[in-house]
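Report on the following structure.
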Amino acid sequence: MYKGRTVSVVIAAAGSGRRMGTGSKNKVYIEIGGKTILERTFEAFENNAFVDRIFAAVREEDLDFCRENVLRADRHPKLGGLTAGGTERCISVYKALEKTEDEDIVLIHDGARPFVDDETINLCIEGAAEHGCCAAGVPVKDTIKAVDNGVVSETPDRSRLYAVHTPQAFIAEEIKECMKAGIEEGFYGTDEAVFAEKQGKKVFIVASKYDNIKVTTSDDLIIAEAVLAKRKNRE
């Protein structure tokens with residue numbers, strides 16, 4: 001709980017392993033250092049002092065496996081429930097959001113970002129409480145080019161560009177309304193903040209970490225092992 005408000009988390013874990021090359025297996029069930037990616041993601045929030053409940057949206061065909069082998073209720077007291085995901089990320093997230101109370105502060109996080117830390121989580125909670133909508137992000141390191149038909153059309157000012165991560169944090173009632181409106185219009189955003197933006201909300205950026213990576217391809221597994229090794233060396 002944060003300043004009298006319940007803090008809930010929705011973990012989006014209903015994707016496929018298409019870009020990972022794992023066939024029908026969801027990448028969040030790949031193990032890193034003896035634990036699945038999803039377990040590591042879940043535990044990052046479970047160990048946070050402000051987080052009260054955690055909901056996960058997983059593929060319908062993975063529900064039993066996840067419930068029995070990965071996120072068992074007897075091992076994870078903050079587990080609020082598992083939800084069968086939909087055909088789009090936003091539908092999966094919205095279905096899980098429906099389990100939260102309207103007054104909750106809710107954090108929405110990628111199941112494949114197992115290295116989010118307490119500092120980033122806390123900044124997102126504080127940001128949602130103060131502003132209503134926020135997203136974790138880091139300044140981009142590379143020069144970014146906009147390209148049309150293989151030709152550079154624009155080079156945006158890098159000082160204004162951020163790579164947006166998760167968590168993204170909101171007041172539950174507000175993000176539910178924004179996502180419901182977007183989905184009803186047939187709009188499927190690639191993150192949750194864009195639904196708030198579309199409804200005219202101001203989304204504030206809070207500091208993430210460069211090692212808050214999303215494990216998407218097989219190359220990312222190499223980076224993930226390195227991040228894990230670095231963290232173990234700090235302990």
Side-chain angles (χ1 to χ4, degrees), residues 1-15 26-85 89 92-129 134 136 165-173 175-176 192 208-209 212 214-215 224 227-228 231-232 234-235:
M1 187 164 285
Y2 181 79
K3 294 186 176 180
R5 266 192 159 133
T6 298
V7 177
S8 294
V9 177
V10 168
I11 296 176
N26 189 329
K27 62 193 173 190
V28 297
Y29 303 118
I30 295 172
E31 289 192 0
I32 300 173
K35 288 184 180 180
T36 66
I37 292 170
L38 181 55
E39 283 177 283
R40 291 191 177 279
T41 301
F42 189 95
E43 288 173 1
F45 292 96
E46 190 163 53
N47 294 333
N48 183 274
F50 296 121
V51 170
D52 299 292
R53 301 178 302 179
I54 308 169
F55 302 91
V58 303
R59 295 189 305 182
E60 186 170 7
E61 60 265 39
D62 294 337
L63 272 172
D64 289 341
F65 172 80
C66 188
R67 188 179 288 120
E68 295 168 8
N69 299 283
V70 183
L71 299 180
R72 285 176 47 174
D74 59 331
R75 294 179 183 171
H76 298 291
K78 291 187 180 181
L79 178 63
L82 300 177
T83 301
R89 175 198 168 94
S92 300
V93 168
Y94 185 74
K95 288 174 70 175
L97 275 174
E98 290 184 307
K99 296 182 179 294
T100 65
E101 300 295 329
D102 285 350
E103 66 272 14
D104 288 1
I105 292 171
V106 61
L107 281 66
I108 303 170
H109 189 70
D110 299 320
R113 285 190 195 271
F115 300 120
V116 62
D117 65 2
D118 241 17
E119 183 178 7
T120 303
I121 293 170
N122 291 344
L123 285 173
C124 286
I125 294 170
E126 293 166 11
C134 72
H165 295 170
T166 61
Q168 298 182 359
F170 312 88
I171 304 305
E173 181 180 22
I175 192 59
K176 286 177 189 177
E192 289 65 51
S208 186
K209 304 285 177 59
N212 182 18
K214 185 176 182 182
V215 182
V227 172
L228 185 60
R231 291 192 174 186
K232 285 183 176 179
R234 291 176 184 167
E235 295 173 356

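Values below: all heavy atoms of this structure, side chains included; hydrogens, waters and symmetry mates excluded.
- Using a 4.5 Å cut-off on side-chain heavy atoms (C-beta onward), P77 and E46 make contact.
- Formation of a donor-acceptor pair under 3.5 Å by the K99 side chain with backbone atoms of F55 is not found in this model.
- One finds the CG atom of L71 at 7.0 Å from the CD atom of E39 (value rounded to the nearest 0.5 Å).
- Taking OG1 from T166 and CD1 from I108, the interatomic distance works out to 9.5 Å, rounded to the nearest 0.5 Å.
- Between atom CZ of residue F50 and atom NZ of residue K3 there is a gap of 9.0 Å, rounded to the nearest 0.5 Å.
- Checked options I37, V227, T41, T120; the residue passing with F115 is V227 (criterion: side-chain contact (heavy atoms from CB on, under 4.5 Å)).
- Residue E103 qualifies as enclosed at atom CD: its count of foreign heavy atoms under 6.0 Å is above 12.
- In this structure, the side chain of N212 does not engage the main chain of K209 through any donor-acceptor pair within 3.5 Å.
- To the nearest 0.5 Å, atoms CG (L97) and CG (D102) are separated by 10.0 Å.
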Going through the checks in order, is the salt bridge (Lys or Arg N to Asp or Glu O under 4.0 Å) test met by D110 and R89? CA-CA 10 Å; D110 299 320; R89 175 198 168 94; 2.6 Å; yes
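- Rounded to the nearest 0.5 Å, atoms CD1 (I11) and CZ (R113) are 13.0 Å apart.
- Rounding to the nearest 0.5 Å places CE of M1 at 8.5 Å from CG of D104.
- Between F65 and V58 the shortest side-chain heavy-atom distance does not fall below 4.5 Å.
- Side-chain contact between V70 and F42 is absent, with no heavy atoms from C-beta onward closer than 4.5 Å.
- Remark: side-chain polar atoms of R40 are paired, donor with acceptor, to backbone N or O of I32 under 3.5 angstrom.
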Please evaluate residues I171 and I105 with respect to the criterion side chain to side chain contact (heavy atoms under 4.5 Å, CB included), reporting the C-alpha separation (whole Å), side-chain torsions for both, the decisive distance (0.1 Å), and the verdict. CA-CA 5 Å; I171 304 305; I105 292 171; 4.1 Å; yes
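- With hydrogens and angles disregarded, no donor-acceptor distance shorter than 3.5 Å links the side chain of D52 to the backbone of S8.
- V116 is not listed as a side-chain neighbour of H165, based on a closest heavy-atom distance of 4.5 Å or more.
- Annotation: side chain of E119 is not in contact with side chain of N122 (no heavy-atom distance under 4.5 Å).
- For the pair Y2 and E126, the minimum side-chain heavy-atom distance is below 4.5 Å.
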